[in-house]
Structure formats: C-alpha cells, structure tokens
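Heads up, the thing below is written out as structure tokens.
Bear in mind the structure is a predicted one, so any value in this text is a computation, not a measurement.
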Amino acid sequence: QVELVIPDAKCTCVTNKSKKMKEKLSRKHLIVLIALCGMLASSVGLVQNVAGIFFDPLAESLVVGRGPVALTLTIYVLLSAFGSLFFNRLIRCIEAEKVVFVSAVLLIAGTFLSGFSNNLFTLYLFSIMRGLGGGFVHIVIASLYINNWFEKNNALMASIAMACSGAAGALFSPLLS
C-alpha cells in the first residue's frame with residue numbers, strides 16, 4: 001500500500017495502490033489523469049464557470065436583482081476556499097476517498113436542489129452545501145493525486161487536469177445559454 005503524503009501536514013493517508021504498480025503501469029496513470037480531468041471539468045468547469053448563465057433567469061423567477069443571485073457563487077467560492085484549508089486535517093481521521101465521495105454528494109445535491117429553490121434563503125443554503133462539498137472535491141484532491149501518481153512531469157499533468165475545468169466552462173457555457 002502507498003502512503004499519500006500530505007504537504008504541510010505530518011500525516012499520511014493510505015490507498016490501495018502499490019509503489020511498484022505506480023511506477024510500471026502507464027495505463028493506470030492515464031486513467032487517473034482522465035478521472036481527474038473529469039472531476040475538475042464537472043466540479044469547476046460546470047458548477048463554477050458556467051453558473052453565471054443562470055443568474056438572470058433565477059433573478060427573474062425569484063423577482064430579485066442579479067446581485068443577490070450572484071452572491072450564491074460568492075458563497076460557493078468562499079466556502080470552497082475555506083473548506084480546502086481543512087482538507088489535510090480531515091483526512092488524518094477519514095480516508096481521502098470517503099471525504100471525496102461525501103464532498104461530491106454535497107456538491108451534486110446542493111447543485112440539484114438549487115434548481116428547486118423558490119426564495120433566496122434556500123438558494124443560499126444550497127450554495128453553502130455546494131461550497132462545503134466543492135472545497136474538498138476539486139483543486140486540493142486533484143493536486144494531491146497528481147503529486148502522488150506522477151513523479152515526473154507532475155506540473156504538466158496538473159496543467160492538463162486544470163485546463164479541463166476551463167475547457168468545460170468554455171464548451172458548455174454557449175451550449176447551455
């Protein structure tokens with residue numbers, strides 16, 4: 001079993017990959033990179049980068065201005081940033097995979113339930129759910145896995161994975177508007 005070494009935290013988290021497999025199997029490296037690209041494309045590209053196209057219809061249906069609706073994205077981003085600060089401490093007690101799963105459920109549920117909001121309070125509440133989930137599911141976990149799977153060219157792999165979030169936003173924004 002390989003230890004995922006967490007930067008700036010003197011703790012480790014165990015996964016079920018062996019170091020020998022990590023060095024030998026380039027196909028698994030590609031699978032990890034594709035999975036991280038998909039995770040970042042969906043969690044950042046679709047949830048965060050495309051959110052602005054829904055501000056006007058939401059503001060119109062809630063009979064409020066665009067500003068209060070745009071505050072939902074601010075809540076999401078601030079809570080994501082705040083939550084990511086605690087990721088290292090959280091995975092000392094809980095396996096990283098479980099944290100990512102729960103975070104993804106929070107992010108997906110918050111995004112889905114936002115569609116049923118009929119007032120600003122519930123919209124803000126679901127943005128809090130999204131933010132708490134988002135803090136653990138995208139940038140931090142992607143960086144952690146890239147640094148543990150790719151010993152060489154990890155900056156390139158990180159760039160590829162992060163570019164997928166921008167590409168998803170650029171691709172889906174015109175399709176959804």
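Residues Leu120 and Val63 fall into different hydrophobic clusters, defined by Ile, Leu, Val, Met, Phe, Trp and Tyr side chains chained together at heavy-atom separations under 4.5 Å. Hydrophobic clustering, with ILVMFWY side chains joined whenever heavy atoms are under 4.5 angstrom apart, keeps Leu113 apart from Leu125. Phe82 and Val140 are assigned to two separate hydrophobic clusters, defined by single-linkage of ILVMFWY side chains at heavy-atom distances under 4.5 Å. Clustering ILVMFWY residues whenever any of their side-chain heavy atoms sit less than 4.5 angstrom apart, transitively, puts Val64 in the very cluster that holds Leu123. Cluster annotation: Phe86 and Ile94 are assigned to distinct hydrophobic clusters (Ile/Leu/Val/Met/Phe/Trp/Tyr, side-chain heavy-atom contacts under 4.5 Å, transitive).
Distance check: Leu36 CG to Tyr145 OH gives 8.5 Å after rounding to the nearest 0.5 Å. Note that OH of Tyr124 is 10.5 Å distant from CG of Asn119, once rounded to the nearest 0.5 Å. Expressed to the nearest 0.5 Å, how far CD1 of Ile75 lies from CG of Leu71 amounts to 4.0 Å. In this structure, the separation between OG on Ser159 and CD1 on Ile146 is 8.5 Å, given to the nearest 0.5 Å.
Here the side chains of Leu144 and Ile141 are in contact, with some heavy-atom distance below 4.5 Å. In this structure the side chain of Lys98 never reaches within 4.5 angstrom of the side chain of Ser103, judged on heavy atoms. Between Ile34 and Ile31, the closest side-chain pair of non-hydrogen atoms is not below 4.5 Å. The shortest side-chain heavy-atom distance between Phe116 and Thr122 does not fall under the 4.5 Å cut-off. Considering only heavy atoms from C-beta on, Met157 stays 4.5 Å or farther from Val32 through its side chain. Put simply, the side chain of Leu73 reaches to within 4.5 Å of the side chain of Phe55, judged on heavy atoms. For the pair Ile139/Ser84, no side-chain contact is recorded, criterion being any heavy-atom separation below 4.5 Å from C-beta on. Side chains of Ser114 and Phe54 form no contact here, defined as non-hydrogen atoms less than 4.5 Å apart.
Scanning both residues, Leu79 and Leu132, for their nearest heavy atoms gives CB-N, 4.2 Å. Across every non-hydrogen atom of Ala41 and Cys164, the tightest pair is CB-O, 3.6 Å. The two residues Thr72 and Ser127 have their closest heavy-atom pair at CB-OG, 3.1 Å. What you find for Leu40 and Ala142 is that their closest heavy atoms are CD1-CB, 3.8 Å. Shown here for Arg130 and Leu107, the closest heavy-atom pair between the two residues is O-CD1, 3.5 Å. Of all the heavy atoms in Ser117 and Phe126, the pair that sits closest is OG-CD1, 3.3 Å.
Partners of Ser42 by side-chain hydrogen bond (donor to acceptor under 3.5 Å, both in side chains), not counting sequence neighbours: none found. With sequence neighbours left out, Asn153 forms a side-chain hydrogen bond (donor to acceptor under 3.5 Å, both in side chains) with no residue at all.
Using modelled atom types, no side-chain atom of His29 and backbone atom of Phe150 make a donor-acceptor pair closer than 3.5 Å.
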inquiry  = Applying side-chain contact (heavy atoms from CB on, under 4.5 Å) to Ile108 and Val105, what does each step give before you reach the verdict?
reply    = CA-CA 5 Å; Ile108 292 166; Val105 168; over 6 Å; no
